[in-house]
Amino acid sequence: MESLQGGLQASLDELRRLTNTEFAALAWMDPKEPLIRWKHASGSRNGRYKRIALPPGKGEAGQVMRSGRPLVITSFSPRSVDDPWQYPILLAENLKAIVCVPVIAKEHIRGVLLVGCRHPRDFPPEVVELVGHMAEQLGTLLRWRGDGDAAIR
């Protein structure tokens, strides 16, 4: 487990550096219950991401897992009528712009990889491609066990 934590932490730190973002995180479906949880992060200000537990299809992670396509938000400004369950990681980390892409392993969407900024930002296609490439690498690096949890290959 320690090698998983250390390897993912280094990958997320490097992804933040390469994309010039302030936050990076990885989420996947909890093996014990059908909830999506943010498992690892780099650049968290408060650790609240650890308490986010979303039913399938909810939140940024659920949208990406359901659609299988990247989600790019360049200027998020919460409104009082917004459902907080649709944008929990943005609210928890005060993010204004994100790129969130699916992590695919063995032709199945297993999780999502997200990078974000605490200010509005346009992401050039190269950044979206870089995050997608890192998600592909994570999909092959992580070995998804029978219980749904992950380990390093």
Side-chain angles (χ1 to χ4, degrees), residues 1-31 35-54 58-78 84-145 148-153:
M1 182 66 177
E2 191 61 39
S3 64
L4 173 66
Q5 178 67 28
L8 287 176
Q9 190 65 49
S11 295
L12 292 174
D13 292 345
E14 179 68 2
L15 183 60
R16 282 182 48 218
R17 186 187 70 74
L18 292 171
T19 58
N20 194 27
T21 53
E22 298 156 311
F23 181 78
L26 178 64
W28 64 75
M29 192 72 71
D30 190 297
L35 296 172
I36 302 166
R37 294 185 186 272
W38 294 98
K39 302 286 191 168
H40 303 276
S42 171
S44 174
R45 286 191 171 167
N46 53 41
R48 290 189 313 191
Y49 74 90
K50 295 175 187 175
R51 294 192 305 264
I52 297 172
L54 301 166
K58 291 288 188 182
E60 309 85 346
Q63 291 176 44
V64 171
M65 289 181 77
R66 183 181 62 234
S67 71
R69 296 187 330 225
L71 171 67
V72 178
I73 297 174
T74 59
S75 182
F76 176 72
S77 180
W85 285 107
Q86 283 307 110
Y87 305 101
I89 197 74
L90 283 109
L91 295 170
E93 289 293 334
N94 195 30
L95 300 173
K96 303 298 182 197
I98 62 165
V99 173
C100 188
V101 300
V103 175
I104 299 171
K106 296 183 180 177
E107 300 179 13
H108 296 291
I109 297 172
R110 299 292 188 161
V112 297
L113 179 63
L114 175 143
V115 296
C117 295
R118 294 184 175 93
H119 59 276
R121 175 183 172 185
D122 289 327
F123 293 100
E126 301 82 37
V127 169
V128 179
E129 289 172 17
L130 179 61
V131 178
H133 180 68
M134 177 63 82
E136 286 176 21
Q137 288 180 331
L138 286 171
T140 58
L141 176 68
L142 295 172
R143 178 177 50 83
W144 303 94
R145 300 190 308 234
D149 215 350
I152 293 284
R153 287 190 189 275

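FYI, side chains are in, hydrogens and waters are out, and symmetry mates aren't considered; it's all heavy atoms of this structure.
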- Task: Measure from the side-chain N and O atoms of E22 to the backbone N and O of S44, and report whether any donor-acceptor pair falls under 3.5 Å.
- Result: no
- Query: What's the shortest heavy-atom distance between N46 and A92, and which atoms?
  - Reply: ND2-O, 2.9 Å
- Query: What's the shortest heavy-atom distance between L35 and A53, and which atoms?
  - Reply: CD1-CB, 3.9 Å
- For the residue pair L91 and F76, establish whether any side-chain heavy-atom pair is separated by less than 4.5 Å. yes
- Closest heavy-atom pair, I36 versus A61, reported as atoms and distance to 0.1 Å, is CG2-CB, 3.7 Å
- Looking at side-chain heavy atoms only, is the closest gap between L114 and L95 below 4.5 Å? yes
- Task: Measure from the side-chain N and O atoms of T140 to the backbone N and O of Q137, and report whether any donor-acceptor pair falls under 3.5 Å.
- Result: yes
- Task: Look at the aromatic rings of F23 and Y49 and report parallel, tilted or perpendicular, splitting at 30° and 60°.
- Result: perpendicular
- Query: Say you draw a straight line from CD of E126 to OG1 of T19; how long is it, rounded to the nearest 0.5 Å?
  - Reply: 12.5 Å
- Query: For V103, does its backbone N or O pair with a side-chain atom of R110 as donor and acceptor, under 3.5 Å?
  - Reply: no
- Note on the structure: All heavy atoms of V112 vs all of L26, minimum pair found to be O-CD1, 3.2 Å
- Any side-chain heavy atom of R121 sitting closer than 4.5 Å to one from N20? yes
- Item | Atom pair CZ (R48) and CZ (R51), whose distance is rounded to the nearest 0.5 Å | 7.0 Å
- To the nearest 0.5 angstrom, please state how far the CD atom of E93 sits from the CZ atom of R45. 8.0 Å
- Are there more than 12 heavy atoms of other residues, nucleotides or ligands under 6.0 Å from atom NE2 of H133? no
- Note on the structure: Tightest non-hydrogen contact, residues M134 and L113, listed as CG-CD2, 3.6 Å
- Task: Could you tell me which non-hydrogen atom of P102 sits nearest to which non-hydrogen atom of V64, and how far apart they are?
- Result: N-CG1, 3.4 Å
- Item | CD1-CG distance between I104 and L138, expressed to the nearest 0.5 angstrom | 12.5 Å
- Item | The single option from V115, L71, V72, T74 passing side chain to side chain contact (heavy atoms under 4.5 Å, CB included) against I98 | L71
- With L90, which of R118, E60, K96 fulfils side chain to side chain contact (heavy atoms under 4.5 Å, CB included)? E60
- Query: With distance as the sole criterion, is a donor-acceptor pair present between the side chains of T21 and R16 under 3.5 Å?
  - Reply: no
- Message: Within this structure, what is the CE-OG distance for the pair M65 and S67, rounded to the nearest 0.5 Å?
- Response: 10.5 Å
- Item | From I109 atom CD1 to W28 atom CH2, the distance as rounded to the nearest 0.5 Å | 16.0 Å
- Query: Do R37 and M29 have side-chain heavy atoms sitting under 4.5 Å apart?
  - Reply: no
